[in-house]
There are 2 protein chains.
Amino acid sequence: MNKAEEDYVKMIYEMAVLTGEPYVKTADLAEQFGYSVQSVNEMIKKLHQKELVDFRPYKGVCLTEGGRREALRMIRAHRLWEVFLSERLGLAWEALHEEAEMLEHATSEAVLERLYDYLGRPAVCNHGNPIPDAEGNIARPASRPLYETHAGDCFRILRVQDYKPLLAYLSQRNIKLHDVLTVHDKDHFGGILTVEHLGLKHAFAKHIAQMVYGEVLSSTRLKK
Amino acid sequence: MNKAEEDYVKMIYEMAVLTGEPYVKTADLAEQFGYSVQSVNEMIKKLHQKELVDFRPYKGVCLTEGGRREALRMIRAHRLWEVFLSERLGLAWEALHEEAEMLEHATSEAVLERLYDYLGRPAVCNHGNPIPDAEGNIARPASRPLYETHAGDCFRILRVQDYKPLLAYLSQRNIKLHDVLTVHDKDHFGGILTVEHLGLKHAFAKHIAQMVYGEVLSSTRLKK
DNA sequence: CCTGTAATTAAGGTATGCCTTAAAACTAGA
DNA sequence: TCTAGTTTTAAGGCATACCTTAATTACAGG
Ligand SMILES: [Mn+2]
Ligand SMILES: [Mn+2]
Ligand SMILES: [Mn+2]
Ligand SMILES: [Mn+2]
């Protein structure tokens with residue numbers, strides 16, 4: 001597999017996880033990559049020939065077992081490099097992804113395994129995304145969005161979408177992974193969630209609060 | 001610069017260092033890369049347009065100041081990754097080069113600088129090749145070949161050619177950088193150099209002893 | 001069941017970096 | 001000085017991964 005193919009199987013895997021649907025639409029892939037639908041179709045044909053994907057016309061593509069294995073290898077490399085870049089080199093949160101996006105294609109199996117041990121076999125990357133082990137086992141990512149909390153909830157951030165503007169937005173406010181937020185108010189109509197963090201209040205728009213995931217630790221609200 | 005261009009300027013730099021001649025012949029580049037002369041000519045034309053090289057027909061190519069800077073950046077990345085892979089991940093001597101050959105193209109300026117500090121600003125890679133600093137200053141490599149020693153000399157290995165079969169050959173004999181060899185005998189006609197290392201004797205053919213560089217520590221031989 | 005929309009396929013194009021074969025230009029040795 | 005051999009340039013090709021435009025095919029709602 002070359003860089004292009006690697007990025008395709010990774011993207012297919014990630015979009016399937018995001019939507020919960022194993023089949024990913026050609027048009028959605030094109031949209032995500034910023035490529036034309038025709039280009040995506042051509043690549044799908046090639047991936048199919050290599051038995052990395054199953055293509056059902058008018059339904060989408062789905063990774064084969066081999067494709068899934070390759071996708072997990074790329075995700076593993078990507079996330080391990082993110083840990084390295086953050087923990088060891090001290091790169092900023094929002095810089096990790098694009099560096100890892102290059103390094104992931106330049107990493108042999110041997111380097112990957114040693115890097116994994118060197119970093120202490122981390123379970124998640126710095127955005128809270130789970131890191132597959134060498135056998136391709138991967139934990140479920142934290143899936144409860146901050147937006148689904150209620151006034152009074154205490155919420156620990158366990159995962160954030162690896163989306164640069166979001167990361168810049170959060171780090172500008174000194175909010176990091178594992179931080180705890182107290183939900184003050186949720187304005188359903190306006191879609192604004194007001195939280196407290198280290199004594200400061202922040203108002204998050206719905207689309208922001210939907211990209212932050214974690215767990216509710218405790219709640220002062222009355223259970224219905 | 002893309003991967004191909006990066007490998008070209010690096011190669012031009014390295015061949016110029018090796019030969020001592022600033023101008024590198026098209027045919028020699030083709031030979032080293034295993035490409036056709038025509039392909040090399042095409043790339044030279046492009047590098048010239050980008051003002052990375054000066055091309056003198058029938059003489060060869062020479063890096064411009066900009067080309068030299070880019071070459072040193074690649075060499076810096078390559079050798080720093082070799083240090084990382086060796087010192088931190090414990091990769092075998094002979095595996096370093098090909099891994100670094102990929103990683104060097106996936107490394108931003110920011111990562112490079114942090115990696116440099118993280119590794120303690122090393123002066124040389126694991127083959128003894130000097131690592132340029134961020135400003136492009138680079139030390140002269142050790143240049144005295146083991147083959148130019150005489151019976152009785154004590155010789156410390158400071159640099160070896162980054163050539164896989166040589167590295168495998170040496171590490172199989174437990175010979176590493178900074179080890180000291182005692183020259184027992186030099187057979188000029190046969191070209192065999194006999195040395196002692198950790199109590200064991202080794203016979204090195206001329207072409208081997210010419211790829212190992214270092215310093216003579218002391219000598220029992222009579223000065224003429 | 002039929003038709004509009006969405007998805008797929010077809011056809012032809014671009015840039016990159018490699019290739020081969022062949023002509024032209026130059027250099028250097030005799 | 002002339003010519004043989006080296007070097008460069010020209011011409012045309014191939015694979016990859018992207019593109020646009022234009023059929024064609026299939027699904028799904030009315
Ligand atoms: Mn990422
Ligand atoms: Mn990538
Ligand atoms: Mn090397
Ligand atoms: Mn390289």
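Source: prediction; values computed, not measured. A, B, ... follow the sequence lines: proteins, then strands. Residue 1 opens every chain.
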Could you please name the option among [options] that lies closest to any side-chain atom of [X]?
X: A/K25; options: C/dT16, C/dT8, C/dA7; result: C/dA7
X: A/Q38; options: D/dC18, C/dA10, D/dT25; result: C/dA10
X: A/S39; options: C/dT9, D/dA11, D/dC19; result: D/dC19
X: B/A27; options: C/dT8, D/dT7, C/dC18; result: D/dT7

Would you verify whether the NZ or CZ of B/R173 falls within 45 degrees of the ring axis of B/F204 while also being under 6.0 Å from that six-membered ring's centre? no

Tell me whether the guanidinium CZ or amine NZ of A/R159 lies under 6.0 angstrom from the six-membered ring centre of A/Y213 and within 45° of its axis. yes

Taking [atom1] from [X] and [atom2] from [N], how many angstroms apart are they, rounded to a whole number?
X: A/M43; N: C/dA7; atom1: CE; atom2: P; result: 21 Å
X: B/K45; N: D/dT7; atom1: NZ; atom2: C1'; result: 14 Å
X: A/N41; N: D/dT25; atom1: CG; atom2: P; result: 15 Å
X: A/D28; N: C/dT8; atom1: CG; atom2: C1'; result: 15 Å
X: A/K50; N: D/dA15; atom1: NZ; atom2: C1'; result: 12 Å
X: A/E42; N: C/dA7; atom1: CD; atom2: C1'; result: 15 Å
X: A/K59; N: C/dT8; atom1: NZ; atom2: C1'; result: 17 Å
X: A/L29; N: D/dC18; atom1: CG; atom2: C1'; result: 15 Å

Gap separating the CE atom of B/M211 from the CG atom of B/D162, nearest 0.5 angstrom: 11.5 Å

Point-to-point distance, once rounded to the nearest 0.5 Å, from CH2 of B/W93 to CG of B/L166: 7.0 Å

Base, sugar-phosphate, or nothing: which does [X] touch, judged by heavy atoms less than 4.0 Å apart?
X: B/G34; result: sugar-phosphate
X: B/Y8; result: sugar-phosphate
X: A/F55; result: sugar-phosphate

On DNA chain D, check which nucleotide each of A/Y58 and A/Y35 is closest to and give me the residue with the more 5' one. A/Y35

Looking at B/K59 and B/E21, is any side-chain nitrogen of the basic one under 4.0 Å from a carboxylate oxygen of the acidic one? no

Short side-chain N/O contact to C/dC18 OP1/OP2 from B/S36, under 4.0 Å: no

